Amino acid sequence: MESGLISVDRWADGSQAYFLTHLHSDHTKGLSSSWAKGPLFCSRLTAKLFPFKFPHFNLSLIRILQIGSWHTLSLLSSSGSRSRVQVMAIDAHHCPGSVMLVFRGEFGCLLYTGDFRWEANCERAARARDMLLGAIKDEVVDIIYLDNTYCNPSYDFPSRQVAAQQVVNIILSHPEHDIVIGINTLGKEDLLLHISRELKIKICVWPERLQTMHLLGFNDIFTTNTSITRVRAVPQYSFSIDTLEALNTMHPTIGIMPSGLPWVKKGLQKSENLYSSFLTSRSKRGRWSANGEVRSDQPVTNIGLIERFHEYMYSVPYSDHSNYAEIKEFVKLVRPTKLKGIVSSSTCYIEPMYYLGPFCGVNRPAQKLHSKHESKGSVERAEAVSTKSSFHNDNFEESENKRIKTSKVKSSGFRLSKFSGLRRMSRGAKIYETNSPVKAEKA
DNA sequence: GCGATCAGTT
DNA sequence: CACAACTGATCGC
């Protein structure tokens, strides 16, 4: 394999520059405290959090990318000549420190989103949007390496703002309960801040998480003292129905999982009314206890599901990844020549071009302005294609499921080692080789 | 002790 | 069941 490469969230040998979009463990697999393969570029905040995750990391290898500024690297091609590469980091709004990366060079212009949430109507998103448009205004983006986690029209869930308010409503409807919220080592801070602000209470976290909060600059909102607040965040992995049942033998407690499982809609495109609130239907069915819980006469603004899948446990669709509509908006904004997914999941991986191909194309500014008039028509055409596609996709998923079920049956009685082969593949990409056309591969 | 892989959790 | 993000066990060095 040729040398002279750039790697993003990928840590194999052979690159001259390594980029980290954010500090979640599925993007740092292969990174360690003893890292010595080359310079590592990341945002200032990621760099600040770095020693916490990798205590003895050689910090002299870290290069900070100023958000919104072009940085120029000079890489050595195999022929010995220098090749100039420019890179800009842009806020990805996924977790603290997370960025997307725009690369320019003789290979063209590439955009690596990392994990990202592209929410409209938020100041921070507007800044990122302006930055991105500024960065690519004179470019044609050849490839987006896309966070395609929820790149499927069936993934529909509300903004984090709305989901956070849903959490607050659940807490308000349980005035006598202790509240336990499952979170990971990084991310969902905004949710906790929202709760703290709305309810005017501190949030309890575990000691390491408090350190992280302090590093992030939140000094007065969080505590490790369980006795001064009824809202507590705990590591998601250590949080189960069993835990809650045990807690409930001491004191009434409910759990909230701000993450993502059951928003997958089954009959979504059917007559199922998107706007009929799950809350309402639940309370009609009497699944909510009577005393002061969420009432059915409140304004129905929640589109995503709040699911109470256990007496003590709620699931709220608070996601740090973009939903399908947001991904679509993003692709329409950038109009890349091509898309590649950076996530390939065990089941139902859909090639992003399958749905979003219609939104790719030339992104020259003149055409963007022009397209205003025609956008309606083109969107409608695209929707038609998309709808059609989803039919095929349903079939695809179904057959996938059948296939897996079949293999399950065939090997019943065994722990399926076959499954391990189907598990999530690691993310990241080697996105540039000098002296060769743009080339990418999943790790 | 370290890294990689696998298994299992919510 | 689905997913992202994570811990923990085990193996080879």
Side-chain angles (χ1 to χ4, degrees), chain A residues 9-13 21-37 53-57 92 94-96 98 114-117 147-152 154-157 180-188 206 208-209 212 233-245 255-266 268 304-305 307 309-310 312-324 341-350 393-394 397-398 400-405 408 414-428 443:
Chain A
D9 293 349
R10 181 187 185 277
W11 312 101
D13 292 321
T21 59
H22 66 289
L23 268 175
H24 279 157
S25 60
D26 48 340
H27 291 253
T28 58
K29 216 163 65 181
L31 248 186
S32 74
S33 290
S34 56
W35 173 260
K37 289 175 181 170
K53 186 135 185 160
F54 301 107
H56 303 298
F57 197 93
H94 168 70
C95 73
S98 66
D115 287 353
F116 79 119
R117 178 105 201 226
D147 172 12
N148 57 315
T149 305
Y150 297 123
C151 188
N152 182 313
S154 64
Y155 287 116
D156 178 32
F157 44 83
V180 180
I181 303 174
I183 59 170
N184 286 325
T185 56
L186 200 60
K188 311 246 193 311
W206 64 100
E208 293 80 7
R209 200 56 158 99
T212 303
V234 302
Q236 215 169 67
Y237 67 90
S238 72
F239 181 37
S240 67
I241 301 287
D242 287 349
T243 320
L244 275 177
E245 281 173 349
I256 298 174
M257 308 229 333
S259 66
L261 311 84
W263 342 301
V264 218
K265 338 344 332 57
K266 298 136 216 189
L268 194 67
L305 297 177
E307 180 149 15
F309 60 81
H310 182 269
Y312 303 132
M313 184 76 92
Y314 292 80
S315 164
V316 177
Y318 188 102
S319 170
D320 286 324
H321 294 269
S322 300
N323 64 30
Y324 177 74
I342 61 176
V343 183
S344 59
S345 203
S346 53
T347 52
C348 71
Y349 171 81
I350 307 297
N393 180 48
D394 285 344
E397 281 192 9
E398 206 172 15
E400 268 297 288
N401 285 340
K402 272 183 195 150
R403 193 174 63 77
I404 287 166
K405 273 178 195 145
K408 215 182 223 167
F414 279 89
R415 273 262 204 266
L416 294 174
S417 57
K418 233 176 198 173
F419 265 175
S420 60
L422 288 170
R423 290 172 66 190
R424 167 182 262 272
M425 330 205 74
S426 63
R427 299 157 173 256

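Numbers restart at 1 for each chain; the letters A, B, ... are given by sequence-line order, proteins then strands. Predicted, not measured: the structure shown is a model, and the values here were computed from it.
- Considering only side-chain N and O atoms, S240(A) lies nowhere under 4.0 angstrom from the phosphate OP1 or OP2 of dT9(B).
- Here dT9(B) presents its P atom at 15 Å from OH of Y237(A), a figure rounded to the nearest Å.
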Please determine whether side-chain hydrogen bond (donor to acceptor under 3.5 Å, both in side chains) holds for the pair D115(A) and H27(A), giving the CA-CA distance in whole Å, both sets of side-chain angles, and the decisive distance to 0.1 Å. CA-CA 9 Å; D115(A) 287 353; H27(A) 291 253; 3.0 Å; yes

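- Rounded to whole Å, atom C1' of dC6(C) lies 14 Å from atom CG of L23(A).
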Collect all protein-nucleotide pairs involving nucleotides 1-5 of chain B in which both atoms are nitrogen or oxygen and the distance is under 3.5 Å.
| residue | atom | partner | partner atom | Å |
| --- | --- | --- | --- | --- |
| dG3(B) | OP1 | S32(A) | OG | 2.7 |
| dG3(B) | OP1 | S34(A) | OG | 2.5 |

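- Among the atoms of the strands shown, only primed sugar atoms or phosphate atoms (P, OP1, OP2) are found under 4.0 Å from some heavy atom of H94(A).
- Checking side-chain atoms of D9(A) against main-chain N and O of T21(A) turns up a donor-acceptor pair under 3.5 Å.
- For the pair Y318(A) OH and dA4(C) P, the computed distance is 18 Å after rounding to whole Å.
- Distance D9(A) CG to dA4(C) P: 14 Å, rounded to the nearest Å.
- With sequence neighbours left out, the side-chain hydrogen bond (donor to acceptor under 3.5 Å, both in side chains) criterion links S238(A) to no other residue.
- Among the protein residues, D320(A) comes within range of no part of the nucleic acid, since none of its heavy atoms lies under 4.0 Å from any strand.
- If you take OH of Y150(A) and C1' of dC3(C), they are 5 Å apart, rounded to a whole angstrom.
- Out of dT7(C), dC3(C), dA5(C), the shortest distance to the side chain of T149(A) is found at dC3(C).
- Evaluation of the side-chain hydrogen bond (donor to acceptor under 3.5 Å, both in side chains) rule for T243(A) yields S240(A) as partners, not counting sequence neighbours.
- Rounded to whole angstrom, the span from the CH2 atom of W206(A) across to the C1' atom of dC6(C) amounts to 11 Å.
- Remark: Y312(A) engages H310(A) in a ring-ring contact (aromatic ring centres under 6.0 Å, His included) (not counting sequence neighbours).
- Counting only heavy atoms from C-beta on, Y155(A) has its side chain closest to dA2(C) among dA2(C), dT10(B), dC6(C).
- Identified under the salt bridge (Lys or Arg N to Asp or Glu O under 4.0 Å) test for residues 313-322 of chain A, with sequence neighbours left out: R160(A)-D320(A), K188(A)-D320(A).
- For N323(A), the side-chain hydrogen bond (donor to acceptor under 3.5 Å, both in side chains) criterion is met by no residue, not counting sequence neighbours.
- What separates NE2 of H24(A) from P of dC6(C) is a distance of 5 Å, to the nearest Å.
- Atom pair E245(A):CD and dT10(B):P shows a separation of 12 Å (rounding to whole Å applied).
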